[in-house]
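Data first, discussion second: the structure below is written as structure tokens.
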Amino acid sequence: MTNVLDRRRFLFGSTMAAAGTLLPAAGIGAEPQQTFPSATNEINATLNASETRAPVSKYIYGQFIEQLRDLINRGLWAEMIDDRKFFFEINSKPDVEPAQPRFPGRARPHHWRPVGGDEFVVMDRERPYTGEHTPLIRLGEETPRGIQQRGLWLRKGKVYTGRVVMAGSPRAKVSVTLVWGPGASDRQTIAVPALRDAYAKHRLKFSPKVDTNDGRIEITGTGRGSFHIGAVSLMPADNIHGFRADTVGLLKQLRSGIYRFPGGNFVSNHEWRDAIGDVDRRPPRWDNAWSWVQPNDVGIDEFMILCGLLDVEPYITVNAGFGDAMSAEHLVAYANGSMATTMGKLRAANGHPEPYNIKWWGIGNEMYGPWQLGHMVLKQYVLKHNIFAKAMLNADATIKLVASGASPDEMTVDGLSLPLTGKVAPDFGSAADWTGGLFLHCLDNMDVVSEHFYVYNGQRFDLVQNKRVAVTEPLIEWARRPANRVRTKVEAYENYLQQIPALREKRVPINIDEYAYAGVRPNLKNALSLAWALHEMFRHTDIITMAAHTMGTSCIDYTHAEAAMNTLGMMFKLYRDHFGDLPVEVTGNSPQPAPKYPVGGDQPRVNAGSDTYPLDVAAALKSGEDTLTVAILNPTESAQKLDLNFQGIHPRNAGRMWHMTGPSADSATGLGSSEVKVTEAALEKIPKTYSIAPLSINIYEFEKG
């Protein structure tokens, strides 16, 4: 059975790769190279513009973000202070490792340390500002006492603003200091006005004189009495409603269509009410899914601000793990209810008078998996889904519901079928056919079914051993794996259509709202593989109408202070900007090879890809324009020749092209690298035969003649 840590580690591989952490490549190139068509036997592709499929929704380009440790709080939210509402005790003892192993490359949060001795910092449980306790500093006349935190990334001349929430004795003299070096002048101190017994917020503003990645903030006092520190915040002054201007600006360029939030495994123990209202009063909570403290600074109201900044639609997943249907109903009412309703009044009181009118709502996350908090067997969960659906629709009958599905491929590769059914791959209608069970028992209460997949670097699922095993393979087969997982979803759905007559009457399509290549840097081969997965979605737009790549922040490289678009972001932007939205039929003379491994799990009956092996070709018209776009992938390390033939359209003898490539499969662009580039060029004349460069993504645009 899949170990929960195995499933979680890939996320840290993906997200930390986006932040620049190098991960080892594995499993490519050890087998003999495959034989491709020679230049004398060129590949032919025919684009038939008179044969079209259902449109490509903007939702296909969606992204998923989760409150996964500090991913949102550092990648998108601008807060610089760790544990800013004091979940942990403050002392000089060494940090204690989390109960579960840390993931490679993830830095632990910085802890507060006493200034002047541990005995003068007391965690007051009688009068906490928020959460379970608040630090109380006992003063000693002329000797400064208080707390400090290191590890702040500061940049010369940049302005940082924030606040400190305090209460204390009138005779206490308290100050806040930002330190960026060892010298007496390498700091800036702000004196806090005289304190009172009631908590009050005091504004902060600093501007360091040098760059450092180990700045320090100190909150200390002298005089008599004591003072409480309720909360501290520090952000770059250029933040946009609390979000990082740099990372949000980059992600906006992707025009992703839709963002899924807040989880993910996180959602199954998240209480949404903890993350609304005064951001400093929101209690910090321990996240049992990811073994991390969440400050609850980013809740539904902040997420809606983020969606506005990114110009994407929101997609909210409710807690169907440890949560209950009434809480989910209240969340829908809070988001979409008018000010005449109880929950609408609460939203208005929190500064958001107009209803959000959120359309897309997911019920639970991966509820089929024993790693999920609140997991239960299928025959019980279908009842739970229906209870949630009716409660949520009671709050707003216009919303669209996404069910938490898992077709046989997912139940197989996660090792879940065997203990439930005695079979590695589940039969239709069995206790391990999770999506089938939802279709059979919940069809009236769902509009879309969620499907997830993760492909693991250098591994495939072995049906005999019932586990993932190491595999070495040519680059083209490595790159095909995500597209093959898309194909397995399609084949499963086609089977459901045959087995469930009601599904033919009410077509509930697929939303692949989590997918990624695990443990791979955001490099060129990763971009090629996910572009191929997009192509496979384009070929089946009647079945797959939505998707959300894991994670949105995997499309950028970022540190605490800098950010840049990376290779995955470049790929998503390329397709969103230039590929059409009305897929057309593509046929060819070079079929993809037959499956090498037994069908089942991560191996579909038919390998993904167009009949243009070793290339993959997708084409689409642009709605409202007389334009045909053609996307051509070359996931090999040699140039290929391709003849393009047109039917149902007569293009002008000119066009444009966008070409994305780099010097090697491991090439990348982002912070500290710029090897992968996208170049644009005009085609003064349309050739009959195209030379497709190695390791390249190419989009051609032709206007009708």
Any donor-acceptor pair under 3.5 Å linking the side chain of E514 with the backbone of E451?
-> no
May I ask you to test the W112-V232 pair for a side-chain heavy-atom distance under 4.5 Å?
-> yes
Quick one: CD1 on I90 to CD on Q148, what's the gap to the nearest 0.5 Å?
-> 11.0 Å
Go through the steps for Y61 and F579 under the test side-chain contact (heavy atoms from CB on, under 4.5 Å), then give the verdict.
-> CA-CA 11 Å; Y61 298 100; F579 192 69; 4.1 Å; yes
Determine, stepwise, if the pair K58 / I258 fulfils side-chain contact (heavy atoms from CB on, under 4.5 Å).
-> CA-CA 8 Å; K58 66 179 181 179; I258 198 165; over 6 Å; no
Check whether any side-chain heavy atom of I147 lies under 4.5 Å from a side-chain heavy atom of F86, and answer yes or no.
-> yes
Heavy-atom check, side chain of T247 versus side chain of T553, under 4.5 Å = no
I would like to know whether T177 and R216 meet side-chain contact (heavy atoms from CB on, under 4.5 Å); could you show each step before the answer?
-> CA-CA 8 Å; T177 301; R216 183 171 79 252; over 6 Å; no
N/O donor-acceptor pair under 3.5 Å between D557 side chain and A564 backbone | no
Would you indicate whether E680, at its atom CD, is surrounded by more than 12 heavy atoms from other residues, nucleotides or ligands within a distance under 6.0 Å?
-> yes
Got a second to check how far S57's OG is from N511's CG, nearest 0.5 Å?
-> 9.5 Å
Compare all side-chain heavy atoms of P482 with those of F453 and state whether any distance is below 4.5 angstrom.
-> yes
Ion pair check, K85 and D280, cut-off under 4.0 Å = no
Measure across N265 and E66 and return the closest heavy-atom pair with its distance rounded to 0.1 Å.
-> N-OE2, 2.8 Å
Looking only at non-hydrogen atoms, find the nearest pair between P522 and A668 and report the distance.
-> O-CB, 4.0 Å
N296 side chain to P283 main-chain N or O, any donor-acceptor pair under 3.5 Å?
-> yes
Are any non-hydrogen side-chain atoms of I358 and I399 less than 4.5 angstrom apart?
-> no
Please determine which of E79, K201, R84 meets the side chain to side chain donor-acceptor pair (under 3.5 Å) test together with S233.
-> E79
Heavy-atom pair with the smallest gap, counting every atom of I229 and T134 = O-CG2, 3.0 Å
Just by distance, do the side chain of T130 and the backbone of R281 share a donor-acceptor pair under 3.5 Å?
-> yes
Quick one: sort the W272 and Y334 rings into parallel, tilted or perpendicular, breaks at 30° and 60°.
-> tilted
How far apart are the closest heavy atoms of I697 and Y575, and which atoms are they?
-> CG2-OH, 3.5 Å
How long is the gap from CD1 on I65 to CG on L251, to the nearest 0.5 Å?
-> 8.5 Å
With the side chain counted from C-beta on, respond yes when V676 and M660 share a heavy-atom pair under 4.5 Å apart, and no when they do not.
-> yes
Nearest non-hydrogen partners of V267 and P262, listed with the distance = CG2-CG, 3.9 Å
Test of ring centre spacing under 6.0 Å for F88 and H111 | yes
For D214 and R150, what are the C-alpha separation, side-chain angles and deciding distance, and is it a salt bridge (Lys or Arg N to Asp or Glu O under 4.0 Å)?
-> CA-CA 6 Å; D214 193 26; R150 306 189 68 97; 3.2 Å; yes
Give the intermediate values and the outcome of side-chain hydrogen bond (donor to acceptor under 3.5 Å, both in side chains) for residues N566 and Y558.
-> CA-CA 9 Å; N566 67 25; Y558 62 90; over 6 Å; no
Taking only Lys NZ, Arg NE, NH1 and NH2, and the carboxylate oxygens of Asp or Glu, determine whether D577 and R255 approach each other closer than 4.0 Å.
-> yes
For the residue pair Y356 and H352, does the interplanar ring angle fall in the parallel (under 30°), tilted (30 to 60°) or perpendicular (over 60°) class?
-> tilted
I would like to know whether F303 and Y259 meet side-chain contact (heavy atoms from CB on, under 4.5 Å); could you show each step before the answer?
-> CA-CA 9 Å; F303 176 65; Y259 259 56; 4.0 Å; yes
Output for pair (N336 CG, L331 CG), nearest 0.5 Å, gives 9.0 Å
Determine whether H202 and L195 make a side-chain contact, defined as any pair of heavy atoms from C-beta on separated by less than 4.5 Å.
-> yes
State plainly whether the residues R74 and D82 are in salt-bridge range, i.e. N to O under 4.0 Å.
-> yes
N457 side-chain N/O to V520 backbone N/O, donor-acceptor pair under 3.5 Å | no
Hey, are the side chains of V298 and F261 touching, using non-hydrogen atoms and a 4.5 Å cut-off?
-> yes
Heavy-atom neighbours of E132 CD exceed 12 at 6.0 Å | no
Between H228 (side chain) and P135 (backbone), is there a donor-acceptor pair under 3.5 Å?
-> no
Under 3.5 Å, is there a donor-acceptor pair between the Q67 and W290 side chains?
-> no
Between V293 and F87, which heavy-atom pair has the shortest distance, and what is it?
-> CG2-CD2, 3.4 Å
Please check if the side chain of W360 supplies one atom and the backbone of V402 the other of a donor-acceptor pair under 3.5 Å.
-> no
Side-chain ion pair, R282 and E302, N-O less than 4.0 Å = yes
What distance separates N523 CG from S529 OG, expressed to the nearest 0.5 Å?
-> 8.5 Å
Spell out, as yes or no, whether a donor-acceptor pair under 3.5 Å connects the side chain of Q149 to the backbone of I81.
-> no
Judged by modelled atom types alone, do D287 and N269 share a side-chain donor-acceptor pair under 3.5 Å?
-> yes
Do the side chain of E271 and the main chain of R273 share a donor and acceptor less than 3.5 angstrom apart?
-> yes
Can you tell me how far CE of M571 sits from CG of L254, rounded to the nearest 0.5 angstrom?
-> 10.0 Å
Take the angle between the ring planes of W153 and H560 and call it parallel below 30°, perpendicular above 60°, tilted in between.
-> perpendicular
Can you say whether the rings of H549 and F572 are parallel (under 30°), tilted (30 to 60°) or perpendicular (over 60°)?
-> tilted
Would you say the side-chain atoms of N319 pair up with the backbone N or O of F322, donor to acceptor, closer than 3.5 Å?
-> yes
